Amino acid sequence: MAPAASTKMNVALKLAATIIVPSIPVGIWYYSAVQDRKAKAEEVRTRVRVPNVQTIDDLMIEKCKPGDVILFDRRCHKCAAGPVAALSCFLGKSFLCDGDGDGGKTRGVKTVETGSFDHCGIVVPGKFEKKSEALDPSNLLLLEAAPSGILARPLLTRLEMSQSRTVLLLPLASPGERRNDEDYEPTLKTKRLQDHFNKALIKFRDTWIAEGEKQSYKSAHSTLGIIGALSYATGLYKTSKSPVSPSAWLVTTALMESGVGLNISERTAFETRVEDFLRDHRFNEKDCIRLRPGWRFLPPVIMRENSKS
């Protein structure tokens, strides 16, 4: 019995070692990521705000309007949501993003040549008491599907907290709108169209935040991201019931349900990747976002660009 017991003990020790040893560097990385996130949050919380003096982030937020799409080139090793969320980020970058400097040979020409954008959100109106406050930059929120659920956070705070390599703003223009013209005055028809669009975004925001809480979406987000990336890599995404990119799925659905995005097929949102937003449908037959006539995305604007590490 002694030799048998000794053998079992050795097997148990080896099994324990195979689990514990790899978990040590993972634990060290996760602790570092969490501490880094806490330090960032504290830095943002204690930042000195000088009245009537705008920061670069404040100026960038003023360029935003409801319906704009914001893309993130995330640094997966900075993910403090946990190892599974970091793995989802890594797989998304590996299988859903084009490589830098490939000239668009992989899936078509992008409006931005560098960066691997694997996450996105859509700007929506925030809570306001007066109608005149609806478009106040300080009231804008970013609606996104994230490891913490489907949520809408203040746009300025979200931008300041981001540790992504690059953050891009993709402005959305309505029919006849000239956003880059400082002397432009929208017509009454344009104002009514934008007001209707804003109301649709508010309805979508409230509906999906409530649905995300009801379905406990935050517990499934990272798993959905892993399944989506692997299904795309293996070519099984056309029959998969999981979206290729959860964040791109939410933004595409928001555009379609608000009457801006074209619903080409019932799987349009499910098969959309983040970098599809960077391709002009006039030059790409697939892997792009199609909008209703008159609506268009303007050239992207870099909101923030950090170190490449």
Side-chain angles (χ1 to χ4, degrees), residues 28-66 68-86 88-90 92-93 115-128 133-171 205 209 212-213 217-218 221-222 225 246-247 250-251 274 300-309:
I28 295 174
W29 158 78
Y30 181 52
Y31 176 80
S32 175
V34 171
Q35 293 303 115
D36 193 33
R37 172 63 64 173
K38 288 181 178 179
K40 183 67 175 179
E42 183 65 14
E43 185 268 328
V44 172
R45 187 187 68 83
T46 58
R47 182 172 296 171
V48 177
R49 312 281 180 176
V50 181
N52 301 322
V53 176
Q54 293 181 307
T55 65
I56 295 178
D57 289 334
D58 292 324
L59 294 173
M60 296 306 303
I61 294 300
E62 286 189 349
K63 296 180 178 291
C64 299
K65 294 178 62 176
D68 291 350
V69 178
I70 296 182
L71 287 70
F72 298 84
D73 177 5
R74 297 184 297 175
R75 293 188 283 188
C76 299
H77 65 280
K78 293 287 187 179
C79 182
V84 178
S88 174
C89 173
F90 175 77
K93 281 187 174 293
S116 299
F117 297 91
D118 62 302
H119 182 75
C120 62
I122 185 169
V123 179
V124 297
K127 308 286 185 180
F128 55 89
E133 299 175 345
L135 301 181
D136 188 328
S138 63
N139 287 330
L140 295 178
L141 306 175
L142 185 68
L143 179 68
E144 57 188 330
S148 49
I150 295 178
L151 67 169
R153 291 175 278 193
L155 184 54
L156 179 58
T157 302
R158 180 66 178 88
L159 182 60
E160 290 179 333
M161 283 295 297
S162 175
Q163 299 188 77
S164 298
R165 291 186 182 89
T166 306
V167 181
L168 278 186
L169 167 65
L170 197 59
R205 177 200 70 195
I209 288 178
E213 292 177 352
Y217 173 82
K218 64 181 181 180
H221 174 82
S222 298
S247 65
L250 182 69
V251 173
V274 174
V301 178
I302 296 178
M303 299 186 73
R304 170 171 289 198
E305 192 165 26
N306 297 317
S307 64
K308 298 299 180 180
S309 61

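Not measured: the values here are computed from a predicted model. Nothing fancy with the numbering, it's 1 onward along the sequence.
- Contact detail for D73 and S116: the closest heavy-atom pair is OD1-O, 2.9 Å.
- How far CG of L169 is from CZ of R304: 14.0 Å, rounded to the nearest 0.5 Å.
- On the SG-SG cut-off of under 2.5 Å, C76 and C89 qualify.
- Closest non-hydrogen pair, I61 versus L140, comes out as O-CD1, 4.5 Å.
- A 4.5 Å side-chain heavy-atom check between I70 and L159 finds every atom pair outside the cut-off.
- Tested against P147, the residues S88, P246, S222 include a single side-chain contact (heavy atoms from CB on, under 4.5 Å) partner, S222.
- For R165 (side chain) and R74 (main-chain N/O), a donor-acceptor pair under 3.5 Å exists by modelled atom type.
- Residues L71 and V69 share a closest heavy-atom pair of CD1-CG1, 3.5 Å.
- Note that NE2 of H119 is 10.5 Å distant from SG of C79, once rounded to the nearest 0.5 Å.
- Judged by distance alone, the side chain of R37 and the main-chain N or O of M161 form a donor-acceptor pair under 3.5 Å.
- Minimum interatomic distance between D68 and K63 (heavy atoms only, all atoms of both residues): OD2-O, 3.9 Å.
- The nearest pair of heavy atoms linking Y217 to A146 is CE2-O, 3.9 Å.
- Within the 4.5 Å cutoff, side-chain heavy atoms of Q163 are placed close to those of R75.
- Note that CG of L250 is 5.0 Å distant from CG of L143, once rounded to the nearest 0.5 Å.
- The environment of NZ in K218 is sparse: at most 12 heavy-atom neighbours from other residues, nucleotides or ligands sit within 6.0 Å.
- Between V251 and V274, every side-chain heavy-atom pair lies at or beyond the 4.5 Å cut-off.
- Not one N or O on the side chain of D36 forms a donor-acceptor pair closer than 3.5 Å with the backbone of K78.
- The existence of a salt bridge linking K38 and E42 is excluded, since no basic side-chain nitrogen approaches an acidic carboxylate oxygen closer than 4.0 Å.
- When every heavy atom of C64 is checked against every heavy atom of M303, the shortest pair comes out as SG-CE, 3.8 Å.
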